[in-house]
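Quick notes on the structure that follows.
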Amino acid sequence: MNFEPAMPDEPVELKQTIAERAAAGEFTLTDEYDWVVPITEPAPGRIAIGTEIVTHVWRAWETELRRVGFTYPEFVTLTTYSADRVGEWATGEASWDAVVADLADRVDELGPTLVADLSP
């Protein structure tokens with residue numbers, strides 16, 4: 001598969017929210033990927049990618065993702081593997097382009113297996 005979707009607009013307000021919450025000590029940005037918590041609601045634990053970013057990218061890519069067999073829940077599962085890149089973006093260590101490229105690479109790399117494993 002060669003997944004090359006359009007670039008979604010960068011959600012700058014979400015980036016600021018992540019950085020502010022991390023700076024306030026509400027969670028720790030890590031390179032581990034055993035977490036999924038919403039960004040804009042206080043929650044304990046590690047964050048990296050929240051439903052707001054997943055939904056933002058899903059809306060931009062929905063047609064292409066459905067064409068290659070993804071449903072929204074499958075895309076949510078896939079995005080957990082890119083959470084470290086989102087954390088780097090939130091702290092200014094990575095660009096939005098890097099986040100999007102990482103997600104697109106994950107669709108290419110894991111998509112067929114993930115879709116097959118999660119399909120009824």
Side-chain angles (χ1 to χ4, degrees):
M1 177 182 345
N2 189 17
F3 188 71
E4 295 183 13
M7 174 68 69
D9 293 336
E10 182 174 12
V12 176
E13 289 180 16
L14 289 177
K15 179 180 181 178
Q16 291 169 336
T17 300
I18 296 168
E20 288 167 5
R21 289 194 55 217
E26 293 181 36
F27 55 78
T28 303
L29 294 168
T30 75
D31 62 356
E32 297 178 26
Y33 52 87
D34 56 348
W35 33 243
V36 175
V37 298
I39 292 169
T40 55
E41 298 173 22
R46 291 176 229 145
I47 157 107
I49 194 161
T51 56
E52 295 88 349
I53 290 176
V54 173
T55 301
H56 177 77
V57 175
W58 173 260
R59 286 180 181 150
W61 291 359
E62 181 176 5
T63 300
E64 292 91 345
L65 286 166
R66 287 194 185 278
R67 193 173 305 134
V68 296
F70 273 87
T71 63
Y72 181 74
E74 291 161 347
F75 185 63
V76 169
T77 299
L78 179 126
T79 61
T80 62
Y81 294 97
S82 294
D84 55 336
R85 184 74 62 231
V86 173
E88 292 169 357
W89 165 72
T91 60
E93 299 171 52
S95 68
W96 178 245
D97 290 353
V99 172
V100 172
D102 191 68
L103 286 168
D105 288 347
R106 302 287 180 179
V107 170
D108 274 338
E109 176 187 348
L110 301 172
T113 302
L114 184 65
V115 168
D117 288 349
L118 295 177
S119 295

Non-neighbouring partners of E64 that pass side-chain hydrogen bond (donor to acceptor under 3.5 Å, both in side chains), sequence neighbours left out: none

message: Looking at P8, is its backbone amide N or carbonyl O close enough to the side chain of H56 to form a donor-acceptor pair, meaning the two atoms are under 3.5 Å apart?
response: no

- prompt: Has the side chain of D108 got a donor or acceptor atom that lies under 3.5 Å from a matching backbone atom of F3?
  reply: yes

task: Identify the heavy atoms of E74 and G69 that sit nearest to each other, and give their distance.
output: OE1-O, 3.2 Å

query: For E4, what residues pass the side-chain hydrogen bond (donor to acceptor under 3.5 Å, both in side chains) criterion, not counting sequence neighbours?
result: N2

- request: Nearest 0.5 Å please: distance from the OG1 atom of T71 over to the CZ atom of R66.
  value: 7.0 Å

statement: With sequence neighbours left out, the residues meeting side-chain hydrogen bond (donor to acceptor under 3.5 Å, both in side chains) with Q16 are none

field: Non-hydrogen atoms of R106 and L78 that approach each other most closely
entry: O-CD1, 3.3 Å

message: If you compare all heavy atoms of M7 against all heavy atoms of D97, which two are closest, and at what distance to 0.1 Å?
response: CE-OD1, 3.1 Å

- request: Just do the side chain to side chain contact (heavy atoms under 4.5 Å, CB included) check on K15 and W96 with the steps written out, would you?
  value: CA-CA 10 Å; K15 179 180 181 178; W96 178 245; over 6 Å; no

Taking every non-hydrogen atom, the tightest pair across W61 and A6: NE1-O, 2.8 Å

Closest non-hydrogen atom pair between A98 and A94, with its separation: CB-CB, 4.3 Å

- request: Decide side chain to side chain contact (heavy atoms under 4.5 Å, CB included) for W89 and V100; before the verdict, give the C-alpha distance in whole Å, the side-chain angles of both, and the deciding distance to 0.1 Å.
  value: CA-CA 10 Å; W89 165 72; V100 172; over 6 Å; no

field: Straight-line distance of R59 CZ to D9 CG, nearest 0.5 Å
entry: 13.0 Å

Any residue meeting ring pair (Phe, Tyr, Trp, His ring centres under 6.0 Å) with W58, in chain and number order, not counting sequence neighbours: Y72, F75

query: Sequence neighbours excluded, which residues qualify as salt bridge (Lys or Arg N to Asp or Glu O under 4.0 Å) partners of R67?
result: none

- line: By side chain to side chain contact (heavy atoms under 4.5 Å, CB included), E93 pairs with (sequence neighbours left out) E88, T91

field: Side-chain touch T79/V57, heavy atoms, less than 4.5 angstrom
entry: no

